[in-house]
Amino acid sequence: MSDAASSARGDLGLSHLTKSYGDFTAVNDLSLIIPKGSFFALLGPSGCGKTTTLRMIAGLEEPTQGTISLGATDITYTKPYQRPINTVFQNYALFPHLTIFENIAFGLRRRGIKDVDDAVNKALDLVELPHLAQRKPTQLSGGQQQRIALARAIVNRPALLLLDEPLGALDLKLRRQMQIELKWIQKEVGITFVHVTHDQEEAMTMADTIAVMNEGEIEQMGSPAELYDNPKTAFVANFLGQSNLIKGSITGSDGANQIVDLFGQKISLQKDRSHAVDNSILAGIRPEKFRISRLETSTSGNVLTGGKIEDVSYIGVSTQYQVLMPWGQELMVFEQNDDGVAPFSVGESVNISWEPVFTFALRGDDDAEAGTEVNPEEDLEEE
Amino acid sequence: MSDAASSARGDLGLSHLTKSYGDFTAVNDLSLIIPKGSFFALLGPSGCGKTTTLRMIAGLEEPTQGTISLGATDITYTKPYQRPINTVFQNYALFPHLTIFENIAFGLRRRGIKDVDDAVNKALDLVELPHLAQRKPTQLSGGQQQRIALARAIVNRPALLLLDEPLGALDLKLRRQMQIELKWIQKEVGITFVHVTHDQEEAMTMADTIAVMNEGEIEQMGSPAELYDNPKTAFVANFLGQSNLIKGSITGSDGANQIVDLFGQKISLQKDRSHAVDNSILAGIRPEKFRISRLETSTSGNVLTGGKIEDVSYIGVSTQYQVLMPWGQELMVFEQNDDGVAPFSVGESVNISWEPVFTFALRGDDDAEAGTEVNPEEDLEEE
Amino acid sequence: MNTLSRWFGRNLLRIYAVVAFTYLFIPVAYTFAFSFNDSGKSNLIWKGFTWANWQNPCGAPEVCTALGNSIKIGLLATIFSTILGTMIAFAIGRHKFKGRSSTNLLIFLPMATPEIVLGASLLSLFLVFQINPGFWPTVIAHVLFCMSFVVVTVKARIASLDPRLEQAAMDLYANERETFRRVTLPLVAPGIAAAALLAFSLSFDDFIITNFNSGTMTTFPKFIYTSAARGIPAQANVIGSAMFFLALAIVIVGQLVTRKRKVS
Amino acid sequence: GSGGGSSENAIRWGNWPLYLDVDDSGKNYPTLQAFIKDSGIDVKYLEDYNDNDEFFGKVQAQLKLNKDIGYDLVCPTDWMAGRWIRLGYAQKFDSANIPNKSNIVDTLAAPSYDANRDYSLTWQGIMGGFGWNTTKNPKGIRTLDDLFSPANKGKIVVLSEMRDTIGIILMAQGVNLQTVTEAQFMNGVDFLAQKIADGWIRGVKGNEYAEDLTSGDATAVIGWSGDMFILKSENEGKFDFAIPESGGTISGDNMLIPSTATPEAKANAEKLINYYYEPAVAAEVAAYVNYFCPVKGAQAEMEKIDPDLAASEFIFPTAKTMSNLSVFRALTPTEETTWTEAFQKAAGN
Amino acid sequence: MKKISTPYLLLIPGMGFLFIFFILPLFNLAQTSTQTPVGGGDTGEYEQTWRIANYFDAFVENREQFGRSFLYALIATVLALAIAYPLAYTIAFKGGRFKNVMLVLVIAPFFTSFLLRTIAWKQILGEEGFVVPTLRSLHVISESTTLTSSAFAVVMGMTYNFLPFMTLPLYASIDRIDPRTLEASGDLYANGFTTFRRVTLPLSMPGVVAGTLLTFIPAAGDYVNAAILGSPQTKMLGNVIESRYFRIVDYPTASALSFTLMISILILVTVYVRKAGTEELV
Ligand SMILES: Nc1ncnc2c1ncn2[C@@H]1O[C@H](COP(=O)(O)OP(=O)(O)OP(=O)(O)O)[C@@H](O)[C@H]1O
Ligand SMILES: Nc1ncnc2c1ncn2[C@@H]1O[C@H](COP(=O)(O)OP(=O)(O)OP(=O)(O)O)[C@@H](O)[C@H]1O
Ligand SMILES: NCCCCNCCCN
Ligand SMILES: [Mg+2]
Ligand SMILES: [Mg+2]
């Protein structure tokens, strides 16, 4: 076993991976390469096939089609225990008959390691639960169980670690702390992480590469900044963070920029940030890029005039505004609460401005609402 | 059954509620009143007793001590099914032998309602899963199961709804959408919500009242803004959002303000925002309240000089800085990315400033690290 | 009053359990009581108290030989049926294979066969093969009917096993054998233990099939049946009661030992 | 025989319960122990011959295949002994080994099924009649009407031994057991079936009827003489026995060596038979079992043991008593089958 | 050489055993059931004549006992289910650390031989036990009513003797139920009874099916209870088969009856299992 664990290191490759349950396709012709030692995050709405993908990589589910390779080795049909891969299960799957200590020691013992105390205690310290070593899993709270599941996988220092929402049941502080520990381990030991998470900040701060999945397929893959600043589709733009998408058309060009008409107001857009295929586009701007100004204030960059504050909500770090534009669309604007200045109030007339460099453009025929909510109709393809 | 469901409406009162498992006290002498129709959020680190508290309210766990009342009725020993209370369980607890449809219809049928189709279908629409009505729970993904658990409870429109991390397995978008729906239902139907969540933003935006729990006890309770702007203890200051806590002493007074010495630099603090008992304090400032400026720029308000950028990290909406102060403490600063100006870089010397009104003060002997991580030693009281 | 009815409400099931166990133990208690009867030949009517039967449990002719045979047969039948039955249970419960449902049916058939049919048809087989009824034929007969019970009991336990736990073990480098040994087996073990206990009880208590296949060898139930005609000696009551208490004692001691181990 | 479970110098004897003298402890058989001691032959005494049909049913397959049946000496009743002999399941005695054979009483010396007593010797003679609980039947039972008196309703047990139960019924109906026809027999069976259907009869049983009397579940029975006298003496007169006015049955149980016994076992069994045909030994057995003693000279020996018993009509019957007792005639194999079936059916089987 | 896969390796020993000691004898039995007697029939000599009518004769002759067997077994099964279910439930959910002890208590009576216990019942319920005189003096039963030698006693004996066979499988499947689903049910307005009917019972159905089969089948084939506690009017098919084997040495009829009993049970069981919605037999 330790043979298997030490050999066959290398990149993880998924090629045309497909998994169907009867008529329903949970993962559809998925191909990607995850470089050795990288931190790869898998994001996507509920039910899009993330868990299924991880289970195939772990060897717990046989693909309906496609292959999985680790380095040069095809592991599609390799037994789970022969893969140098460990998993933190979404449902924990702790062994009910073993103590917490023995749960964590399980993998080490299987690899013939005699003296496990040190490693197990370190793992327990890592998840802040050294005092629970002798309890049974049922005597733990939800978050405690999740941390044990994490410790049980990480203690093995596998070549590849699959994490299925490993921190979902933890409070923010603990989650941040665990994130730091995980990142540290990943760098220190050079483990490849494949991480499923619903916490976008987690994905953004931790991952080298993020893949956004939707209905069994990968929509876009890239570095966090790439995905955030330059999303290719409305689904990605909306799913990862929030976006204001405004229908418009390209009316001209000005050096590296294009001139875009948004309901009669002209703005400019960097050519290399456009994924449009023709003149019809969706212009995208993140809400935090917007600045709001009272009508009398002068503004620079791209400006849209004629806004009206529709809603104000205070969320601690910042304030969120809904601004109704003349063409009837509500735009979302975030302003950080750092200046102690009285915020705008509902009904005020305002202008909105932003730096042109922050504009991105999507195909005009993309669904501006994609990724803002799960669309039940789209799922109906099955049955 | 419907008798019990319709009678006994009113405030939920917990009085000296205690639950022990052997030597270990999970919930300790907890007393509070949750007004009818309010949205109450329970926050706290993993294992602090949130689930246990909810289970006692639902009648699934008998308190070791104390009483629970709903309106004028003592329900401490009332059977779960006689309480007009529904629960969304942390572990879902769906009925494995029933279809999704029947799972949701369960409570309605028990109350003798014949025509359940409409209500069930509406609940399914609400959680965006109408196409899964005829599946069995095991054929659902984690997030889908969680949504069914939510639908199953909500369809009953109970007087009191207990939600134990009901959205934890959902992606951000879906979570936000569900939050809106939940809030809408709560207002519309006048249900009292007791909501356990690890998502602080969720708690902040949704709840009327937040209680922060720690080791079986409530540390502070109040409106979101109150808790955020004016935390009483270091635990709350750190657990709810992030705080910079700087040791200092009160050296004088100036009208409604006190003059505070922070390692030789003077700042001012509103008297009514101090929870200190003597001259020794911990001065607290939220990271987003700080502004960073290059040394040459003039700054107003409270100013701390001599900082050095230690770390910069980009997280989409904003950038986080770690600033090392002359006394060796690292302060955290968030700056929103709204101006397209080149961010500060590591090594730059900077000043930090903020509006005095944002300063709060805690007891000088409070543990500045409390709530930033689980401290295993503190838990060790058991066994 | 309120607390009293609450106490009742809460303990209704426990009270019921006490009543049900009482029902189960009435004849055991009767047997126990009459083990102290100063009965002479026929132990039907209370004739006065004596320790004599307990002081000399093997006093009645053949009774201890019969008991010894029953225990030997019981142990052998338990071992063989538990091994064979557990293997089958795992095959059915953990694998998909061709002929699984007919295998299921075949396992079920011996249970669906009245004992008398089982006993008689087996005897005729032994005779065809020139095998004399006696000890080993009885053991074989017992293995036969105990095996199905073992399969059913163990299979039920296997079915209740969360497959994700075995997957987790595999994920943690345990190969099939180790997964079986470290996760599956410990989790199924209570089922196997229950099956073994059941097998022993069934074998120890069997009369009908034994009656066909044991020839002149006596077993404890056979001894009782044949003595029924001339009066069951009180020693039989002694042995019946002693076996009962022995079974209880073994389990209670076992329980205490495991609890102690857990505590320390 | 082949196989042979019997080791050298040991034999296995299957006999009816309550059929051998027992000491007061209830554990030792004095006459048998004496034999074991004197002869050096170990005898395993098995009291598991409860019912003729049942015993035959259990061993017949082995007999047919000539496999050891687990007994070297058995004790079937006349008609069943006849069947064993007819089917070749009994071994012919070596007369030299049984010089006491001549001690057999004249009435039993030449039965139809074994005219020369080549294969069988009577163990005890049995009278079938009425037995009852004296407190429940203070006036005793002499006729079928007495038996079926309301006080006994639901508490009557009759023998599963067809010839005794139906025989007594038939005689009460005036039928001669030596000439009984199928029609007459079936009449008797119908009578029995009716009584069962009307709830008079609690059970049709083998030797267990004695237990039912003791426990109080039965208050009146069709039973066997010897058992009843044992019960009577053990229970201070609580039970009694009588030959029906209309006549009782008489039969014998016979020692017989199965075809499957080894030659050594056979020789040892013959020694045992010879031993029990010594008048003194026979008297000792009779003094306990109280059955009709088949050995000449035993009455004289009995005088020494218990003069009362020596005078008992039931142990040493006079001609007058004998005249009120009938032997059931031999049945053809076909009759045997159909009559037994009818009887079993009446008994619910 | 092709490797034999795991399930088959696991099956071979047990299945081989079953084939030799169960299937072969059944074939033998099937043959015997169509034989006819040589000579008078009192000798146990039969020849193979493939007389299928044996089955018809055997059934017609004994249809009363047939009916009784199934009726008594059915009543005993229902009673045992009623008694065992709450017991198994209590052990599973309220047993706590006494679970194992209680489970052993359920099987412990086996060790006091079932014959001894049945005979004990016969005494307890007999004329001179304490029950009958008490009931008579209270005028609950009349002087002539007896408790033993009755259908009541036979059914009671069977209920009693097969109770562990009912309790154990019930326990096994009730113990498997996730208590959290029961909590969820209570939370959703189901009272104790409704939770039982809608959640507990459906989830324990495999145990109910297994328990009822393990009780019904042996009960339908039993003859010892009827022999010890019954009267000629309460004889069951088992008694007939026993008497055919042991008293009349009528092997063909006994075999035919055995087969008929087996097949009837199988048919009933199949229908029942289908109705109960469990796919696999037990
Ligand atoms: N059966 C038990 N025996 C002993 N301790 C227990 C038991 N159940 C829970 N606990 C302990 O009680 C404490 C509170 O548990 P609870 O489930 O209420 O936590 P929680 O606040 O819901 O945590 P989480 O956010 O992780 O779900 C935990 O420390 C847990 O370890
Ligand atoms: N056994 C099954 N039969 C049919 N469909 C299934 C089965 N298991 C999963 N699915 C479906 O496959 C899809 C993908 O499931 P998967 O568990 O991979 O989702 P996921 O991305 O992990 O979602 P979540 O974030 O909610 O955990 C879901 O729509 C789910 O309903
Ligand atoms: N207790 C011994 C009884 C012997 C009875 N033998 C059967 C005789 C049948 N007529
Ligand atoms: Mg998932
Ligand atoms: Mg919890």
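Residue numbers start from 1 in every chain, and the chains themselves are labelled A, B, ... in the order their sequence lines are given, proteins ahead of strands.
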Legend entry - Ring center gap for Phe17(E) and Phe80(C) short of 6.0 angstrom: no
Legend entry - Toward chain C, the part of Leu103(E) with a non-hydrogen atom under 4.5 Å: neither
Inset, instruction - Just give me the residue among Ile107(C), Val117(C), Asp206(C) that pairs up with chain E most often, heavy atom to heavy atom, under 4.5 Å. - result: Val117(C)
Inset, instruction - Could you tell me which portion of Ile119(E) (side chain, backbone, both or neither) has an atom closer than 4.5 angstrom to a non-hydrogen atom of chain C? - result: side chain
Legend entry - Heavy-atom pair with the smallest gap, counting every atom of Ala20(C) and Leu87(E): CB-CD1, 3.9 Å
Legend entry - Distance, nearest 0.5 Å, that separates CG of Leu84(C) from CD1 of Ile12(E): 12.5 Å
Inset, instruction - Decide yes or no for Leu13(C) and Phe93(E): does some side-chain heavy atom of the first lie under 4.5 Å from some side-chain heavy atom of the second? - result: no
Legend entry - Interatomic distance, Leu24(C) atom CG to Thr167(E) atom OG1 [nearest 0.5 angstrom]: 7.0 Å
Legend entry - Side chain, backbone, both or neither of Tyr89(E) within contact of chain C (heavy atoms, under 4.5 Å): side chain
Inset, instruction - For each of Val19(C), Thr31(C), Thr113(C), Ile239(C), tally heavy-atom pairs with chain E at distances under 4.5 Å, and name the one with the top tally. - result: Thr113(C)
Inset, instruction - Evaluate the side-chain proximity of Tyr223(E) to Ile208(C): yes if any heavy-atom separation is below 4.5 Å, no if none is. - result: yes
Inset, instruction - Side chain from CB out, backbone as N, CA, C, O: work out which of these in Phe126(C) comes under 4.5 Å of a heavy atom of chain E, or both, or neither. - result: side chain
Inset, instruction - Check each atom of Leu29(E) against the heavy atoms of chain C and say whether the ones under 4.5 Å are side chain, backbone, both or neither. - result: side chain
Legend entry - Heavy-atom contact with chain C under 4.5 Å, split by part of Ile265(E): side chain
Inset, instruction - Report yes if some heavy atom in the side chain of Leu106(C) is under 4.5 Å from a heavy atom in the side chain of Phe19(E); otherwise report no. - result: no
Legend entry - Least distance between heavy atoms, Tyr16(C) atom then Ala82(E) atom: OH-O, 3.6 Å
Inset, instruction - For chain C, find which of Asn100(E), Val101(E), Leu24(E) contributes the most heavy-atom pairs closer than 4.5 angstrom. - result: Asn100(E)
Legend entry - Rounded distance [0.5 Å steps], CG in Leu266(E) versus CG in Leu105(C): 6.5 Å
Legend entry - Test of ring centre spacing under 6.0 Å for Phe111(E) and Phe200(C): yes
Legend entry - Side chain / backbone / both / neither for Asn28(E) at chain C, heavy atoms under 4.5 Å: side chain
Inset, instruction - With rounding to the nearest 0.5 Å, note down the distance linking CZ in Arg157(C) to CG in Asp175(E). - result: 6.5 Å
Inset, instruction - Quick one: which of Ile252(C), Leu246(C), Thr103(C) has the most heavy-atom pairs under 4.5 Å with chain E, could you say? - result: Thr103(C)
Legend entry - Student check: side-chain heavy atoms of Leu18(E) and Pro110(C) closer than 4.5 Å: yes
Inset, instruction - Check each atom of Leu168(E) against the heavy atoms of chain C and say whether the ones under 4.5 Å are side chain, backbone, both or neither. - result: side chain
Inset, instruction - Taking the side chain as every heavy atom from C-beta outward, state whether Thr112(E) and Phe32(C) have any pair of such atoms under 4.5 Å apart. - result: no
Inset, instruction - Please look at Val143(C) and chain E and tell me whether the side chain, the backbone, both or neither of the residue comes under 4.5 angstrom of a heavy atom of that chain. - result: both
Legend entry - Ile26(C) versus chain E, the contacting section by heavy-atom distance below 4.5 Å: both
Inset, instruction - May I ask you to check whether Tyr8(E) and Phe97(C) place their ring centres under 6.0 Å from each other? - result: yes
Inset, instruction - With a 4.5 angstrom heavy-atom cut-off, could you sort out which part of Thr153(C) is near chain E: side chain, backbone, both or neither? - result: neither
Legend entry - Taking every non-hydrogen atom, the tightest pair across Leu115(E) and Pro221(C): CD1-O, 3.1 Å
Legend entry - Contacting region of Leu109(C) [heavy-atom separation from chain E under 4.5 Å]: both
Inset, instruction - Please look at Ser148(C) and chain E and tell me whether the side chain, the backbone, both or neither of the residue comes under 4.5 angstrom of a heavy atom of that chain. - result: neither
Inset, instruction - Please check if the distance between the ring centroids of Tyr23(C) and Tyr160(E) is under 6.0 Å. - result: yes
Legend entry - Electrostatic pair Arg117(E)-Asp205(C), nearest N-O below 4.0 angstrom: yes
Legend entry - Centroid-centroid distance, Phe244(C) to Phe110(E), less than 6.0 Å: no
Inset, instruction - Could you look at Asn211(C) and say if it's the side chain, the backbone, both or neither that has a heavy atom under 4.5 Å from chain E? - result: side chain
Inset, instruction - Starting at CE of Met87(C), measure out to CG of Leu11(E) and round the result to the nearest 0.5 Å. - result: 8.5 Å
Legend entry - Nearest atoms (heavy-atom pairs only) where Leu144(C) meets Phe21(E): CD2-O, 3.4 Å
Inset, instruction - Check whether Pro109(E) gets within reach of chain C through its side chain, its backbone, both or neither, counting any heavy atom under 4.5 Å. - result: both
Inset, instruction - Could you tell me whether the side chain of Tyr225(C) reaches within less than 4.5 Å of the side chain of Leu116(E), counting heavy atoms only? - result: no
Legend entry - Among Lys122(E), Glu128(E), Met102(E), residue most engaged with chain C (heavy-atom pairs, under 4.5 Å): Met102(E)
Legend entry - Residue among Thr118(E), Ile83(E), Leu105(E) with most heavy-atom pairs under 4.5 Å to chain C: Leu105(E)
Legend entry - Which portion of Leu163(E) sits near chain C, non-hydrogen atoms under 4.5 angstrom: side chain
Legend entry - Non-hydrogen side-chain atoms of Phe114(E) and Phe204(C) separated by less than 4.5 Å: no
Legend entry - Student check: side-chain heavy atoms of Ile107(E) and Leu198(C) closer than 4.5 Å: yes
Legend entry - Among Ile116(C), Leu202(C), Val28(C), residue most engaged with chain E (heavy-atom pairs, under 4.5 Å): Ile116(C)
Inset, instruction - Sort out for me which of Gly240(C), Ala17(C), Pro27(C) touches chain E most, counting heavy-atom pairs under 4.5 Å. - result: Pro27(C)
Legend entry - Leu9(E) side, atom CG; Phe90(C) side, atom CZ - distance, nearest 0.5 Å: 15.5 Å
